[in-house]
Amino acid sequence: MVLKKNSFLLYLLKFLATFCLLYYGTLALIGITAQGGYYSPFAARYLNYVAALRALLLNCTRQLLHVFGFNTYLKDIYTIKLQNGLGVHVGYDCIGYGVMIFWVSFIFANNGSCISKAKWITGGLAAIWFVNVGRIALLLVAVDKKWPSPFNLDNHTLFNIVAYTVIFSMIYLFDRLQQQQQLAG
């Protein structure tokens with residue numbers, strides 16, 4: 001019983017430490033890469049992975065909508081617009097770094113080989129990424145066509161519901177496969 005309690009505490013410590021390091025590190029990076037305050041030109045130019053994620057997110061959304069026959073363009077580094085239509089502003093909260101960090105922290109805190117963890121992290125991040133690209137694409141079309149929001153929920157809440165449903169499904173699958181490997185080995 002003591003061993004199980006200690007292993008759970010170790011898991012919890014690894015999860016929380018990883019989550020806090022990545023999450024608050026990302027917030028600190030956002031703080032030093034935004035103009036004003038403690039702005040660092042070096043960090044803004046060479047370390048700003050959040051801006052790179054946003055640019056990739058906007059461009060992937062643009063490509064997805066192009067496949068479905070929608071002509072879009074990037075108005076600026078934050079906004080995707082339909083040609084002759086409305087646009088969507090993709091702020092920091094829209095990037096999804098919080099749910100991605102949750103997933104990375106969960107996998108990192110678990111047992112397993114580095115290769116196995118890398119595969120699970122990559123697959124999970126890809127799933128979350130596709131959910132987010134789909135969300136922004138749907139939001140852009142919905143805003144332009146004036147579709148009502150399901151259940152009167154804002155798009156961030158809807159994204160979190162879908163993203164965490166995907167994550168908890170992946171957690172279930174991960175745990176099942178871990179149990180099967182423990183039984184087999």
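With contacts defined as side-chain heavy-atom distances shorter than 4.5 Å, the pair Ile32/Leu29 qualifies. Between Ile128 and Asn132 there is no side-chain heavy-atom pair separated by less than 4.5 Å. Side-chain contact between Phe70 and Asp144: absent, with no pair of heavy atoms (C-beta onward) separated by less than 4.5 Å. No side-chain heavy atom of Leu9 sits less than 4.5 Å from a side-chain heavy atom of Leu13. Residues Leu140 and Ile80 have side chains in contact (heavy-atom distance under 4.5 Å, counting atoms from C-beta outward). Side chains of Val141 and Leu65 form a contact here, defined as non-hydrogen atoms less than 4.5 Å apart. Looking only at side-chain heavy atoms (C-beta outward), Leu153 and Ile161 come within less than 4.5 Å of each other. Side-chain contact check for Leu82 versus Asn71: every heavy-atom pair is 4.5 Å or farther apart.
Ile77 is connected to Leu56 through a chain of hydrophobic side-chain contacts under 4.5 Å among Ile, Leu, Val, Met, Phe, Trp and Tyr, so both are in one cluster. A single hydrophobic cluster is not seen to contain both Leu16 and Phe108; linkage of ILVMFWY side chains at heavy-atom distances under 4.5 Å, directly or through other members, places them apart. Leu21 and Phe15 are not part of a single hydrophobic cluster, where members link through side-chain heavy atoms under 4.5 Å apart. There is a path of hydrophobic side-chain contacts, each under 4.5 Å, that joins Phe106 to Val104. Linking ILVMFWY side-chain heavy atoms closer than 4.5 Å, directly or via other members, places Trp129 and Leu173 in a single hydrophobic cluster.
Of the candidates Val90, Thr79, Asn59, Asn59 is the only one forming a side chain to side chain contact (heavy atoms under 4.5 Å, CB included) with Leu74.
Atoms CD1 and NZ, from Ile121 and Lys119 in turn, are 13.0 Å apart once rounded to the nearest 0.5 Å. The line from OG of Ser7 to CG of Leu12 is 11.0 Å long, rounded to the nearest 0.5 Å. Asp76 contributes atom CG, which lies 8.5 Å from atom CG of Leu58 (distance to the nearest 0.5 angstrom). Interatomic distance, CG of Leu64 versus NE2 of His66, reported as 11.0 Å (0.5 Å rounding). Expressed to the nearest 0.5 Å, how far CE of Met170 lies from OG1 of Thr165 amounts to 10.5 Å. Distance OG1/Thr72 to CD/Gln63: 8.0 Å, rounded to 0.5 Å.
Annotation for His89: atom NE2 counts as buried by contact number, over 12 foreign heavy atoms lying within 6.0 Å. Counted within 6.0 Å of CZ on Phe130, heavy atoms from surrounding residues, nucleotides or ligands total 12 or fewer; the atom is thus considered open. Annotation for Tyr164: atom OH counts as buried by contact number, over 12 foreign heavy atoms lying within 6.0 Å. Heavy atoms of other residues, nucleotides or ligands lying less than 6.0 angstrom from OH of Tyr24 number 12 at most.
Remark: side-chain polar atoms of Gln178 are not paired, donor with acceptor, to backbone N or O of Gly112 under 3.5 angstrom. With hydrogens and angles ignored, the 3.5 Å screen pairs a side-chain donor or acceptor of Lys117 with a backbone N or O of Asn110. Side-chain atoms of Trp120 do not come within 3.5 Å of backbone N or O of Trp103 as any donor-acceptor pair.
The shortest non-hydrogen separation linking Leu158 to Pro150 is CD1-CD, 3.8 Å. Nearest approach of Ser105 to Leu22, heavy atoms of both residues: OG-CD1, 4.3 Å. Considering all non-hydrogen atoms of both residues, Ala127 and Val166 come closest at CB-CG1, 4.0 Å. Scanning all heavy atoms of the two residues, the minimum distance from Leu57 to Cys94 falls at CD2-O, 3.8 Å.
Ring planes of Phe19 and Tyr23: parallel class, angle under 30° (limits at 30 and 60°).
Taking the ring axis of Tyr97 as reference, the NZ or CZ atom of Arg54 does not stay both within 45° of it and closer than 6.0 Å to the ring centre.
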- request: With side chain to side chain contact (heavy atoms under 4.5 Å, CB included) as the test, would you mind laying out the steps for Thr26 and Ile101 before giving the verdict?
  value: CA-CA 10 Å; Thr26 298; Ile101 289 169; 3.7 Å; yes

